[in-house]
Student: 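Okay, handing you the structure first.
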Amino acid sequence: MAISDAALMMAWKEVLAMCNLKAGEQLTILTSDDSNQQIAGMARLAAADMGAVVTNLNLAPMNGEKAISRDKSGYIGKTALEHNKAALACLKASDFVIDTLQLLFSKEQEEILKTGARMLLAVEPPEIMLRMLPKPEDKARVLAGAKKLGVAKKMTVTSKAGTDFECDLGQYPVLTQYGLADEPGRWDHWPSCFVATWPTEKTANGTIVIEEGDILLPMKMYARSPVTFTVENGYVTKIDGGFDAEFLRRFMDSFDDPEAYAMAHVGWGLHTRAHWTVLGLTNPEAQLGMDARSFAGNFLFSTGPNTEAGGTRDVPCHLDIPLRNCSLSLDGEAMTKDGKVVPAEQR
Ligand SMILES: O=c1ccc(O)c[nH]1
């Protein structure tokens with residue numbers, strides 16, 4: 001269902017206030033030709049109404065001829081900023097960047113954040129953004145999970161379907177996503193609510209079984225048959241199964257880059273207003289799939305880049321695969337059990 005301009009403008013004011021936007025701050029709205037103009041337009045009105053000094057920066061789309069998926073996550077990390085010093089300078093001079101283009105996993109994003117700029121990605125449809133408007137309790141849930149993840153030495157994930165995966169932790173920082181860029185240098189994505197980190201290099205090992213109904217991103221498909229990932233020393237070495245397995249293999253192979261098979265962020269979903277079913281109820285091409293990445297209790301694993309964690313792996317192939325019915329533990333303490341979040345008081 002559509003969202004009115006007024007509702008979206010008010011939501012932007014609420015979110016920017018939670019991001020501590022102050023009058024006089026320099027706020028840049030980054031767009032490309034395929035940005036959602038309602039999101040960008042209502043952000044501009046909201047920020048201006050809050051007294052921010054607003055700049056609209058529009059960059060030409062790119063990678064259209066390189067990507068085989070139209071999804072923004074289908075080919076990541078290479079942006080028009082690579083050769084655009086003026087635009088990069090504008091973003092680095094900003095206190096706050098609203099990104100409707102998707103700089104995620106680009107080295108330029110890390111450069112901009114290092115200046116202390118806050119950056120909020122906003123590429124989901126407005127109705128999904130409003131249903132998952134960030135709330136303080138989302139942030140509290142994510143930070144509680146991050147506190148555990150930040151000191152854990154080992155993550156283990158199992159499932160009745162046969163997942164038996166583990167990795168050491170500690171080399172990379174914790175990724176917290178609760179939909180607000182509320183601290184200097186912080187990036188976030190409205191909407192999202194999950195916690196993750198990257199396995200210490202070469203320590204991810206085991207088997208990950210994708211069951212029928214688990215979600216394959218950026219394909220935006222529900223798996224229709226089991227797929228088994230074999231992970232050895234931090235890399236996916238085998239992908240076995242039927243059609244879905246072949247589809248994943250062929251997509252990854254099309255990038256012709258062995259780094260595409262590296263394990264990337266691993267963690268679990270914490271959003272109580274995200275739904276596993278949304279991908280089947282809405283136009284897959286019109287969303288990034290943040291319900292899938294964020295629904296409470298998922299085990300979200302990914303492959304490919306680690307630039308967001310300060311690494312140098314910038315391969316444009318990035319899978320995000322949220323699984324249901326998994327049990328994720330940190331140093332033996334259960335965070336999820338059979339796809340349900342274990343409440344802190346029951347740990
Ligand atoms: O918000 C996002 C989206 C994709 C991803 O891989 C991480 N966070």
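Each ligand, and each atom within it, is numbered from 1 in the order the structure gives.
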Student: Does Asp253 have any salt bridge (charged side-chain N to carboxylate O under 4.0 Å, His left out) partners at least two apart in sequence or in another chain, and if so, which?
Tutor: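 Expected list: none.
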
Student: What are the atoms of ligand 1, with element, lying closer than 4.0 Å to any heavy atom of Asp320?
Tutor: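 The atoms of ligand 1 under 4.0 Å from a heavy atom of Asp320 are 4 (C), 5 (C), 6 (O).
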
Student: Record the part of Met290 in heavy-atom contact with ligand 1 below 4.0 Å; permitted values are side chain, backbone, both and neither.
Tutor: side chain

Student: Tell me whether Glu308 has any N or O atom under 3.5 angstrom from an N or O of ligand 1.
Tutor: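 No - when backbone and side-chain N and O of Glu308 are compared with those of ligand 1, no distance drops under 3.5 Å.
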
Student: I need the contact type for Phe105 against ligand 1. Using non-hydrogen atoms and a strict under-4.0 Å cut-off, is it side chain, backbone, both or neither?
Tutor: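 The part of Phe105 near ligand 1 is the side chain, not the backbone.
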
Student: Is it possible for you to check whether Arg250 lies under 6.0 Å from the centre of the six-membered ring of Phe255, through NZ or CZ, and within 45° of that ring's axis?
Tutor: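 Here Arg250 fails the 6.0 Å and 45° test against Phe255.
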
Student: Does the ring centre of Phe194 sit less than 6.0 Å away from the ring centre of His271?
Tutor: no

Student: Taking the side chain as every heavy atom from C-beta outward, state whether Leu216 and Leu319 have any pair of such atoms under 4.5 Å apart.
Tutor: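 Side chain of Leu216 against side chain of Leu319, heavy atoms only: no contact under 4.5 Å found.
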
Student: Find all atoms of ligand 1 within a distance of less than 4.0 Å from any non-hydrogen atom belonging to Gln177, and give their numbers and elements.
Tutor: 1 (O), 2 (C), 7 (C), 8 (N)

Student: Which residue holds the protein heavy atom closest to atom 6 (O) of ligand 1, what is that atom called, and what is the gap in Å?
Tutor: His318 NE2, 2.6 Å

Student: With a cutoff of under 4.5 Å between side-chain heavy atoms, which Ile, Leu, Val, Met, Phe, Trp and Tyr residues group with Ile215?
Tutor: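 Other cluster members: Leu217, Tyr222, Trp276, Leu279, Phe295.
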
Student: Let me check something: do Phe301 and Trp198 share a hydrophobic cluster, defined by ILVMFWY side-chain heavy atoms less than 4.5 Å apart, either directly or through other members?
Tutor: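 No, separate clusters.
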
Student: Go through ligand 1 atom by atom and flag the ones less than 4.0 Å from a non-hydrogen atom of His189.
Tutor: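 Taking each heavy atom of His189 in turn, ligand 1 has 1 (O), 2 (C) under 4.0 Å.
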
Student: Quick one: does Leu104 get within less than 4.0 Å of ligand 1, heavy atoms only?
Tutor: yes

